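Indexing begins at 1, ligand by ligand and atom by atom, following the structure's order. Please read these numbers as outputs of a predicted model, since none were measured by experiment.
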Amino acid sequence: MSRIAYVNGRYRPHRGAMIHVEDRGYQFADGVYEVCEVRAAHIIDERRHLARLTRSLAELRMGLPMPLSALSIILHETIRRNRVRDGIVYLQVTRGVARRDHAFPPPGTAPSIVVTARAHDHAKAEIVAAAGIAVITLADNRWARPDIKSVSLLPNILAKQAARDAGAREAWFIDARGFVTEGASSNAWIVTVDGDVVTRPADNSILNGIARAVVIDAIAAKGLRLTERPFTAAEAKAAREAFVTAASQIVQPVIRIDGKPVGDGRPGSLTTALRQEFHRHAEFT
Ligand code: PLP
């Protein structure tokens, strides 16, 4: 089956789906995006993703390109046309096409909107999660606004490749004070030996993850103790459990940090429970 992409009002064969060379997303990374999990052909936590999109756009001094109800129809239609049951749907909005000039284009310049959807191999994802992943740590060299879900991801992709090169699947950024900010494409968590679940507060230094919000709800429902505070890599290495969250992988156990096993070097029981219970706390649309 050939894939279909939504591009500026049209559903096109994915292979030939194009954006203009002077799109500001291409020229300047002047745009934002969202990635939502698709499960049983439903979007997971669409409302929260679209609220974050609205916020990211506002931070770039952009409005919504169309009402959220219309965006929602496009997301669902792209999933339907690609026959995705389990996977992701991707939405990108840029400031549009204009003669290359750093300052904003003339008022009325149409934003560019792209939506794609992709199935993932559910069984393979479960095998990865059952084994857990390794992470490396490296200096956080990003700009001061990682809370905006901008398509400007150069530090993130370099970090992810460094992880790959080291035989790991994720890289945790470390801030100037020695604290973990977040992963290259995920939020970072630990469970201390006392059973405290710890994650960094969602300030400007991290993306306020949607999966993070779901896990916070799951932790409250389980009656567990959550502390939102920064933690160091050393503390994470000495923790009982560690994990990352992201829409595309929900709750992913971390079993090694910089080559050092976390806990007994296997996915933690609390992490595994949070992964299993995740969708009970998520919204399906
Ligand atoms: N942090 C970064 C840098 C990310 O890129 C992502 C997701 O891609 C996350 C955190 C997790 O966010 P979410 O749970 O909304 O997918």
Would you say [X] and ligand 1 have an N/O pair spaced under 3.5 Å apart?
| X | answer |
| --- | --- |
| Glu182 | yes |
| Arg142 | no |
| Val35 | no |
| Ala211 | yes |
| Ser248 | no |

Which residue and non-hydrogen atom of the protein lie closest to [atom], and at what distance in Å?
| atom | answer |
| --- | --- |
| atom 8 (O) of ligand 1 | Lys149 NZ, 3.3 Å |
| atom 5 (O) of ligand 1 | Ser185 CA, 3.3 Å |
| atom 16 (O) of ligand 1 | Ala247 N, 2.8 Å |

query = Under 4.0 Å from ligand 1, counting heavy atoms only, is it the side chain of Pro146, its backbone, both or neither?
reply =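 None of Pro146 does.
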ask   = Side chain, backbone, both or neither: which part of Thr245 comes within less than 4.0 Å of ligand 1 when only heavy atoms are counted?
value =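 It is the backbone that touches ligand 1; the side chain stays farther off.
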query = Hey, does Glu34 sit under 4.0 Å from ligand 1 if you only count heavy atoms?
reply =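 It does not; every heavy atom stays at 4.0 Å or beyond.
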message = Just to be sure I'm reading this right: ignoring hydrogens, which of Ala213, Gly209, Ser186 gets closest to atom 10 (C) of ligand 1? Compare them by their nearest heavy atoms.
response =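 Of the listed residues, Ser186 has the closest heavy atom.
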task = Name the option, out of Ile206, Ile210, Thr181, Asn187, that contains the heavy atom nearest to atom 11 (C) of ligand 1.
result =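 Residue with the shortest heavy-atom distance to the ligand atom: Asn187.
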Crowded around [X] [atom1]? As in, over 12 foreign heavy atoms under 6.0 Å?
| X | atom1 | value |
| --- | --- | --- |
| Arg15 | CZ | no |
| Arg240 | CZ | yes |
| Tyr26 | OH | no |

Are [X] and [Y] within salt-bridge range, i.e. N to O under 4.0 Å?
| X | Y | value |
| --- | --- | --- |
| Arg95 | Asp30 | yes |
| Arg212 | Glu228 | yes |
| Arg52 | Glu34 | yes |
| Arg99 | Glu22 | no |

request  = State, yes or no, whether a side-chain contact exists between Arg55 and Asp147 at a heavy-atom distance under 4.5 Å.
outcome  =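 Yes, at least one pair of side-chain atoms sits under 4.5 Å.
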